[in-house]
There are 2 protein chains.
Amino acid sequence: MAKTLQAKILAAASELFYSQGIRATGVDAIAKAANTTKMSLYKYFPSKDELILAVLRKRDEDFRTWFVAQVEAKAADPKDKLLAIFDVISEWMEIPGFRGCAFINASAEFPLKGNPVHQVSAEFYDKFQHYIAGLAAQYGSKQPVNLALQLRLLLEGAIVSEQMKHHSGAAEQAKQAAIVLIEGSVA
Amino acid sequence: MAKTLQAKILAAASELFYSQGIRATGVDAIAKAANTTKMSLYKYFPSKDELILAVLRKRDEDFRTWFVAQVEAKAADPKDKLLAIFDVISEWMEIPGFRGCAFINASAEFPLKGNPVHQVSAEFYDKFQHYIAGLAAQYGSKQPVNLALQLRLLLEGAIVSEQMKHHSGAAEQAKQAAIVLIEGSVA
DNA sequence: TTTGTGATATACCGAGCGGTATACTACAAT
DNA sequence: ATTGTAGTATACCGCTCGGTATATCACAAA
C-alpha cells in the first residue's frame with residue numbers, strides 16, 4: 001500500500017508503456033499518472049531512457065515470478081508443468097488489456113542493434129528458456145536445451161499471433177504442437 | 001529504373017520505417033530520402049497514417065511474392081517446400097539490415113486494438129498461413145490448417161528471437177521442430 | 001528555532017513533429 | 001502562345017516532446 005514514490009512512478013510508467021507504447025508515452029503523462037511531477041521523476045531517473053530500462057528490468061522480475069508461481073500451482077510433475085506453461089500463457093492472453101509481450105514490443109520500438117533494450121529483452125527470454133530447459137531435463141528429454149528453445153518459439157509465436165488478432169487459436173495450436181515435441185523428445 | 005515519384009516515396013518510407021521504426025521516422029526525413037519535398041509527398045499521401053498503411057500493403061505484396069518464389073525455386077514436392085520455408089527464413093535473417101518482421105514491429109508500435117495497422121498485419125499472416133496450408137494439404141497432412149498455424153508460430157517465434165539476439169539458433173531449431181510436426185501430421 | 005531535505009508547482013527552453021500556404025519552375029498539350 | 005499540370009523551394013503554424021530552472025512547501029532532526 002505504502003509504495004515509495006519511486007515504485008509508483010515505475011508502476012505508472014510500466015502500465016502506460018505497455019498499453020500505449022513507449023515512444024507514444026510522454027514523461028508528463030507518466031508523472032501525472034503517478035500523482036507526482038516531472039521534477040520528482042527526474043530525481044529518481046536521470047532520463048527517460050533510464051526509466052525505460054528500469055521498467056523493463058522490473059517487469060522481467062515480476063513477470064517471471066508470477067509466471068513460475070502459476071505453473072507450479074497448476075501441475076506437479078515436470079511433463080505436466082511443461083504443458084501447464086501453455087495454459088498459463090493462454091489465460092494471460094485473456095486478461096483484459098493484453099497487448100503482447102512487453103519485451104518483444106520494446107525491441108520492435110527500438111530496432112537498432114546496439115540499444116540496451118534488446119539486451120534486457122534477450123536476457124528475459126534467456127532466463128525464461130532456462131526455466132523451461134530445467135523442466136525438460138527433469139522430464140527426461142534427451143536434448144532439453146533444444147526442446148526448451150523450440151517451446152519458447154511456439155510461445156513467442158503464439159503471443160505475437162494473438163497480439164495481431166485475438167482469439168486466433170494460437171495458444172491452443174501451440175499446445176498441441178508442444179505435446180508432439182515434448183513426447184517426441186524422449187523417444 | 002524510371003520509378004514514379006510515388007514509388008520512390010513509398011520505397012524510401014519503407015526502408016526508413018523498417019530500419020528506424022515508424023514513429024521514429026519523420027516525414028521530412030522520408031521526403032529527403034526520396035529526393036523530393038514534403039509538399040509532393042502530401043500530394044500522394046494525405047497523411048503519415050495513410051503512408052504507413054500504403055507502405056505495409058506494398059510490403060505485404062512484395063515480401064510474399066519474393067518469399068514464394070524463393071521457396072518454389074528451392075524445392076519441388078510439397079514436403080520439401082514446407083521445409084524450404086525455414087531455409088528461406090534463415091537466409092532472410094542473415095541479410096544485413098534484418099530487423100525482424102515489419103508487421104510484427106508495426107503492431108508493436110501501434111498497440112491499440114482498433115488501429116488499421118493490426119488489420120493489415122493480420123491479413124499478411126493470414127495469407128502467409130494460407131500458403132502454408134495449401135502446401136500441407138498437397139503433402140497429405142491430415143489437418144493442414146492446424147499444421148499451417150503451428151508452423152507459422154514457429155516462424156514468428158524464430159523471427160522474434162532472432163531480432164532480439166542474433167545467431168540464437170532459432171531458425172535451426174524451428175526447422176527441427178517443423179520436421180517433427182510435419183512428419184507427425186500424416187501418421 | 002533553525003536547518004536540511006524530499007516533494008511540489010509552474011514556467012520555461014530548444015528542438016522536432018505533422019501538416020499547410022504561397023510562390024515558383026519545367027514542360028507537355030492544345 | 002497559352003494553359004494546365006507535376007514538382008520544387010521555403011517559410012511557417014500550433015503542438016508536443018525531453019529536460020531544466022526557480023521558488024516554495026511540509027516536516028523532521030538538531
Side-chain angles (χ1 to χ4, degrees), chain A residues 1-58 105-106 108-112 114-117 120, chain B residues 1-58 105-106 108-112 114-117 120:
Chain A
M1 198 74 251
K3 293 166 79 176
T4 67
L5 184 56
Q6 184 173 25
K8 274 164 62 183
I9 294 169
L10 225 32
S14 190
E15 160 69 25
L16 288 173
F17 286 164
Y18 182 67
S19 61
Q20 310 182 349
I22 296 175
R23 287 201 125 101
T25 301
V27 180
D28 303 81
I30 295 169
K32 182 173 289 184
N35 274 314
T36 181
T37 64
K38 247 198 309 189
M39 282 309 302
S40 297
L41 190 154
Y42 276 98
K43 247 176 198 156
Y44 287 106
F45 306 98
S47 69
K48 186 185 178 183
D49 287 334
E50 290 294 331
L51 175 58
I52 293 168
L53 291 177
V55 163
L56 289 178
R57 280 194 263 260
K58 176 145 173 50
N105 293 351
E109 281 204 72
F110 301 90
L112 268 64
N115 197 300
V117 161
V120 177
Chain B
M1 199 77 254
K3 292 166 80 176
T4 67
L5 184 56
Q6 184 172 27
K8 272 164 63 184
I9 294 169
L10 225 32
S14 191
E15 161 69 24
L16 289 174
F17 285 165
Y18 183 65
S19 62
Q20 308 183 350
I22 297 175
R23 288 201 123 102
T25 301
V27 180
D28 303 79
I30 296 168
K32 181 173 287 182
N35 275 315
T36 181
T37 63
K38 250 198 309 189
M39 283 308 304
S40 297
L41 189 155
Y42 276 98
K43 245 175 199 156
Y44 288 106
F45 306 97
S47 68
K48 187 184 178 182
D49 287 334
E50 290 294 331
L51 175 58
I52 293 167
L53 290 176
V55 164
L56 288 179
R57 279 192 265 261
K58 176 146 173 49
N105 293 352
E109 281 205 72
F110 300 91
L112 269 63
N115 198 300
V117 161
V120 177

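Numbers restart at 1 for each chain; the letters A, B, ... are given by sequence-line order, proteins then strands.
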Visitor: Side chains of A:L56 and A:F17: closer than 4.5 Å at any heavy-atom pair?
Guide: no
Visitor: Side-chain contact test, heavy atoms from C-beta onward, threshold under 4.5 Å: evaluate it for A:Y42 versus A:V27 and give yes or no.
Guide: yes
Visitor: B:G21 and A:P111: which non-hydrogen atoms are nearest, and at how many Å?
Guide: N-CG, 3.7 Å
Visitor: Once each nucleotide of nucleotides 13-18 of chain C is scored for protein heavy atoms under 4.0 Å, what B/S/- sequence comes out, 5' to 3'?
Guide: ----SB
Visitor: Quick one: do B:F45 and B:L10 satisfy side chain to side chain contact (heavy atoms under 4.5 Å, CB included)? Show the steps, please.
Guide: CA-CA 10 Å; B:F45 306 97; B:L10 225 32; 3.7 Å; yes
Visitor: Going 5' to 3' along DNA chain D, between which two nucleotides do contacts with chain A fall, using a heavy-atom cut-off of 4.0 Å?
Guide: D:dG18 to D:dT22
Visitor: So which heavy atom on A:I22 is nearest to which on A:K48, and how close?
Guide: O-NZ, 3.1 Å
Visitor: Remember a base hit wins even if backbone is also touched, and classify A:F45 as base, sugar-phosphate or nothing at under 4.0 Å, heavy atoms.
Guide: nothing
Visitor: Return the 5'-most residue of the pair B:P46, A:M39 with respect to DNA chain C, ranking by each residue's nearest nucleotide.
Guide: A:M39
Visitor: Is there a side-chain contact between A:T36 and the phosphate of C:dT8, meaning an N or O under 4.0 Å from OP1 or OP2?
Guide: yes
Visitor: Can A:I9 and A:L5 be said to form a side chain to side chain contact (heavy atoms under 4.5 Å, CB included), step by step?
Guide: CA-CA 6 Å; A:I9 294 169; A:L5 184 56; 4.2 Å; yes
Visitor: Under 4.0 Å, counting only non-hydrogen atoms across every strand here, what does A:N35 touch: a base, just sugar-phosphate, or nothing?
Guide: sugar-phosphate
Visitor: Do A:L51 and A:I30 have side chains that get closer than 4.5 Å, going by heavy atoms?
Guide: yes
Visitor: Any chance you could measure B:Y44, atom OH, to B:T36, atom OG1, to the nearest 0.5 Å?
Guide: 8.5 Å
